[in-house]
There are 2 protein chains.
Amino acid sequence: MNNNTRFTVAIHILTLLAYCGPEPLTSEFIAGSVNTNPVVIRRILANLRQAGLVSSQGGPGGGWQLLKAAEAITLRHVFLAMEETSIFPLHSSDPNPLCPVGRTIQQALMRRFQSAQAALEQDLDRTTIAQLVQNVSDEC
Amino acid sequence: MNNNTRFTVAIHILTLLAYCGPEPLTSEFIAGSVNTNPVVIRRILANLRQAGLVSSQGGPGGGWQLLKAAEAITLRHVFLAMEETSIFPLHSSDPNPLCPVGRTIQQALMRRFQSAQAALEQDLDRTTIAQLVQNVSDEC
DNA sequence: GCATATCGCAACCATCATAGTTACGGATAC
DNA sequence: GTATCCGTAACTATGATGGTTGCGATATGC
């Protein structure tokens with residue numbers, strides 16, 4: 001279905017910042033944990049900064065820090081920060097407007113999909129980054 | 001985020017079968033409403049048949065029919081029939097096992113994502129194909 | 001039996017999204 | 001001034017997706 005790992009990596013990054021912080025972490029260090037390229041990390045962090053979750057600092061000793069307490073960041077916040085369009089995309093080419101079903105189905109589906117996405121977000125809202133950090137500590 | 005329209009098209013197809021039925025519809029007719037190629041339709045119908053939602057019949061006068069009442073088919077059934085792996089995929093390459101976060105995050109995320117998907121499915125379960133057919137009739 | 005309509009499915013192609021990579025400019029700390 | 005780090009554009013490789021063609025199998029009606 002969905003085919004991009006940005007949400008997963010974003011949660012990983014925030015958990016790492018909370019676990020290793022509050023000192024700033026460099027994108028290179030984070031990339032070492034996620035096992036990818038620093039630029040990929042910075043691209044995702046740019047979204048998280050836009051959402052007010054993290055801040056960056058250039059120069060030696062610089063890096064990235066959380067702007068909010070780990071207890072105050074839920075997976076829903078991270079999800080919204082990624083600015084994905086919709087979980088379920090509609091038809092790639094518009095359906096036939098001469099067919100009663102084709103003419104009306106998209107409006108109906110948009111309503112249903114929004115409802116489903118709201119339910120999804122509500123569940124995501126129940127988990128905080130702090131809980132994930134706690135889980136890491138428990139497992140070690 | 002998710003980037004495939006199979007779920008949307010599957011719902012469209014079932015709504016059309018319920019709306020125009022109970023006579024069998026050909027994949028070519030359905031393709032005319034969805035505005036795509038008949039083979040694309042048959043690929044999706046193959047999934048729906050595997051899930052026991054529709055049946056097919058070859059030869060002249062053949063086509064596709066619902067196997068269950070429209071009232072008994074929910075969007076959750078359709079969603080499951082598409083056999084999408086997971087809404088949120090994990091890392092493309094495994095995170096660093098030498099990092100405490102990298103070593104434990106995937107297990108934790110799998111649990112959270114399963115919970116979120118369950119919430120999503122629960123909401124999808126509230127809508128039936130019959131309701132979508134009713135919606136089409138209302139709009140005309 | 002034969003012609004026709006329809007599905008079943010494999011194979012191929014074009015397009016696009018994603019993630020990875022390189023490169024380089026700008027800012028900051030020491 | 002130098003080393004470190006972010007910011008971002010540009011390019012590439014890979015894979016997913018949807019569309020298309022082709023052909024065999026099956027069923028219907030004559």
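Here the structure is a predicted model, which is why all the values come from computation and not from measurement. Protein chains get the first letters and strands the later ones, always in sequence-line order, with residue 1 at the start of each.
- Put simply, Thr26(A) has no side-chain N or O that comes within less than 4.0 Å of OP1 or OP2 on dC6(D).
- Checking Arg42(B) against Gly61(A), the closest nucleotide of DNA chain C that is more toward the 5' end is the one next to Arg42(B).
- From Glu71(A), atom CD reaches atom CD of Gln134(A) across 10.0 Å, with rounding to the nearest 0.5 Å.
- Each of dG18(D), dT20(D), dC7(C) was ranked by its minimum atom distance to the side chain of Asn37(B); first place goes to dT20(D).
- Taking atom CD1 of residue Ile44(A) and atom C1' of nucleotide dT18(C), one finds them 11 Å apart after rounding to whole Å.
- Side-chain proximity of Val40(B) to the nucleotides dT21(C), dG8(C), dT20(D) is greatest for dT20(D).
- Set against dG20(C), dG8(C), dT8(D), the side chain of Arg49(A) has dT8(D) as its closest nucleotide.
- The interatomic distance linking Leu45(B) (CG) with dC9(C) (P) rounds to 12 Å, in whole Å.
- His91(B) places its NE2 atom 11 Å from the P atom of dA19(C), with the value rounded to the nearest Å.
- The side chain of Ser56(B) approaches dG8(C) more closely than any other nucleotide in the set dG20(C), dG8(C), dA19(C).
- Taking the six-membered ring for Trp and thresholds of 30 and 60 degrees, Phe7(B) and Phe113(A) have nearly parallel ring planes, at less than 30 degrees apart.
- In the set dC6(D), dC7(C), dA23(C), the nucleotide with an atom closest to the side chain of Val39(A) is dA23(C).
- Here Arg6(A) lies in heavy-atom contact (under 4.0 Å) with sugar-phosphate atoms only.
- His12(A) has its NE2 atom 16 Å from the C1' atom of dA19(C), to the nearest Å.
- The CD atom of Gln114(A) sits 11.0 Å away from the CD1 atom of Ile87(A) when rounded to the nearest 0.5 Å.
- Using a distance-only test at 3.5 Å, with no hydrogens or angles considered, a donor-acceptor pair links the side chain of Asn35(A) to the main chain of Asp94(B).
- Across dA5(C), dA3(D), dC9(C), the shortest atom-to-atom separation from the side chain of Pro60(A) is found for dA3(D).
- Using modelled atom types and a 3.5 Å distance limit, the side chains of Thr74(A) and Asp125(A) yield a donor-acceptor pair.
- Where Gly58(B) and Thr36(B) each meet DNA chain D at their nearest nucleotide, the meeting point lying more 5' is that of Thr36(B).
- DNA chain C is contacted by both Glu28(B) and Arg43(B); Glu28(B) maps to the nucleotide lying nearer its 5′ end (nearest heavy atom per residue).
- Protein atom CH2 of Trp64(B) is 13 Å distant from nucleotide atom C1' of dT26(D), rounded to whole Å.
- Asn96(B) places no side-chain N or O within donor-acceptor distance of the main-chain N or O of Ser33(A), the cut-off being under 3.5 Å.
- If you check every strand for non-hydrogen atoms under 4.0 Å, Gln57(A) touches sugar and phosphate atoms only.
- Closest-nucleotide positions on DNA chain D for Gly62(A) and Ser93(A) were compared, and the one nearer the 5' end corresponds to Gly62(A).
- At whole-Å resolution of the value, CG in Asp94(B) and C1' in dG20(C) are 17 Å apart.
- Atom CG of Asn47(A) and atom P of dG7(D) are 12 Å apart (whole Å).
- Rounded to a whole Å, the CG atom of Asn4(B) is 12 Å from the P atom of dT18(C).
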